[in-house]
Amino acid sequence: QVQLVESGGGLVQAGGSLRLSCVASGRTFSSYVLGWFRQAPGMEREFVAAINWSGATAYYADSVKGRFTISRDNAKNTVYLQMNGLKPEDTAVYYCAAAEGTYYYISIHKYTYWGQGTQVPVAS
């Protein structure tokens with residue numbers, strides 16, 4: 001079992017930056033691939049970014065490519081999402097997720113463990 005707790009959300013102006021963190025407890029952190037997803041009001045949860053077990057390989061949704069960066073620190077059991085150049089359309093609840101594996105997953109269905117989410121409202 002893996003428990004995930006996100007933090008770092010909050011109101012930000014368009015063009016601003018935030019760094020989300022997600023701390024994991026439970027089994028060996030480096031055994032998991034990690035992802036960030038988001039869900040806007042009235043919308044389905046969507047993929048944002050994912051990273052492999054070592055942190056060497058990452059993948060991004062087209063909508064955030066070049067603005068967001070996912071990273072992980074296996075010594076701290078933490079995955080991060082650095083968000084720059086935020087836009088009002090980035091407004092959502094952001095969730096981190098974990099799945100056993102070594103590469104990365106894009107599909108929401110691959111992820112077994114989820115955090116409770118952190119809100120990121122972006123004001124225009």
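Residue numbers count from 1 along this sequence.
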Are Met83 and Val64 linked, directly or through intermediate hydrophobic residues, by side-chain heavy-atom contacts shorter than 4.5 Å (ILVMFWY only)?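 Yes: a chain of side-chain contacts under 4.5 Å links Val64 to Met83.
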Can you get from Tyr113 to Tyr111 by hopping between Ile, Leu, Val, Met, Phe, Trp and Tyr side chains that sit under 4.5 Å apart?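 Looking at the clustering, Tyr111 is in a separate group from Tyr113.
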Taking the side chain as every heavy atom from C-beta outward, state whether [X] and [Y] have any pair of such atoms under 4.5 Å apart.
| X | Y | result |
| --- | --- | --- |
| Tyr95 | Gln39 | yes |
| Tyr94 | Glu6 | no |
| Arg38 | Val93 | no |
| Leu34 | Phe29 | yes |
| Leu20 | Thr118 | yes |
| Val120 | Leu18 | yes |

Taking the six-membered ring for Trp and the single ring otherwise, decide whether the centroids of Tyr104 and Tyr59 are under 6.0 Å apart.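 Ring centres of Tyr59 and Tyr104 closer than 6.0 Å.
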Is the distance between the ring centroids of Phe68 and Trp36 under 6.0 Å?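 Between Trp36 and Phe68, the centre distance exceeds or equals 6.0 Å.
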Rounded at 0.5 Å granularity, tell me how far [atom1] in [X] sits from [atom2] in [Y].
| X | Y | atom1 | atom2 | answer |
| --- | --- | --- | --- | --- |
| Phe37 | Glu46 | CZ | CD | 10.0 Å |
| Gln119 | Leu11 | CD | CG | 11.0 Å |
| Gln116 | Cys96 | CD | SG | 7.5 Å |

[X] versus [Y], closest heavy-atom pair with distance:
| X | Y | result |
| --- | --- | --- |
| Gln13 | Ser124 | OE1-O, 4.1 Å |
| Ala49 | Leu81 | CB-CD1, 4.3 Å |
| Val79 | Ser71 | CG2-O, 3.2 Å |
| Asn74 | Ser54 | ND2-CA, 4.4 Å |
| Arg67 | Ser63 | NH2-O, 2.8 Å |
| Cys22 | Leu4 | SG-CB, 3.8 Å |

Under 3.5 Å: donor-acceptor pair, side chain of Asn52, backbone of Ala56: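 Looks like yes, one N/O pair under 3.5 Å.
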Look at the side chain of Thr28 and the backbone N and O of Ser30, then say whether any donor-acceptor pair between them is shorter than 3.5 Å.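 Judged by distance alone, no pair lies under 3.5 Å.
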Sole residue of Ile70, Ile51, Val48 in side chain to side chain contact (heavy atoms under 4.5 Å, CB included) with Tyr60: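 Per the side chain to side chain contact (heavy atoms under 4.5 Å, CB included) rule, the option paired with Tyr60 is Ile70, out of Ile70, Ile51, Val48.
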Are the charged groups of Asp90 and Lys87 less than 4.0 angstrom apart, N to O?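 So Asp90 does not pair with Lys87 through a salt bridge.
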Between the side chains of Tyr80 and Arg19, does any donor sit under 3.5 Å from an acceptor?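 Looking only at side-chain atoms, Arg19 and Tyr80 do not form any donor-acceptor pair under 3.5 Å.
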Could you check whether Asn84 and Ser17, counting side-chain N and O atoms only, form a donor-acceptor pair closer than 3.5 Å?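 Their side chains do contain a donor-acceptor pair, which is all the 3.5 Å distance test asks for.
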Is it possible for you to check whether Arg45 lies under 6.0 Å from the centre of the six-membered ring of Trp114, through NZ or CZ, and within 45° of that ring's axis?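 Satisfied, under 6.0 Å and within 45°.
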For Lys110 and Ile108, what are the C-alpha separation, side-chain angles and deciding distance, and is it a side chain to side chain contact (heavy atoms under 4.5 Å, CB included)? CA-CA 5 Å; Lys110 291 286 191 180; Ile108 192 171; over 6 Å; no
Determine, step by step, whether Gln1 and Thr112 satisfy the side chain to side chain contact (heavy atoms under 4.5 Å, CB included) criterion, reporting the C-alpha distance in whole Å, the side-chain angles of both residues, the deciding distance to 0.1 Å, and the verdict. CA-CA 9 Å; Gln1 191 77 8; Thr112 306; over 6 Å; no
Run the ring-ring contact (aromatic ring centres under 6.0 Å, His included) test on Tyr105 and Phe47 for me, step by step, so that the C-alpha distance in whole Å, both residues' side-chain angles and the decisive distance to 0.1 Å come before the verdict. CA-CA 9 Å; Tyr105 301 126; Phe47 170 80; over 10 Å; no
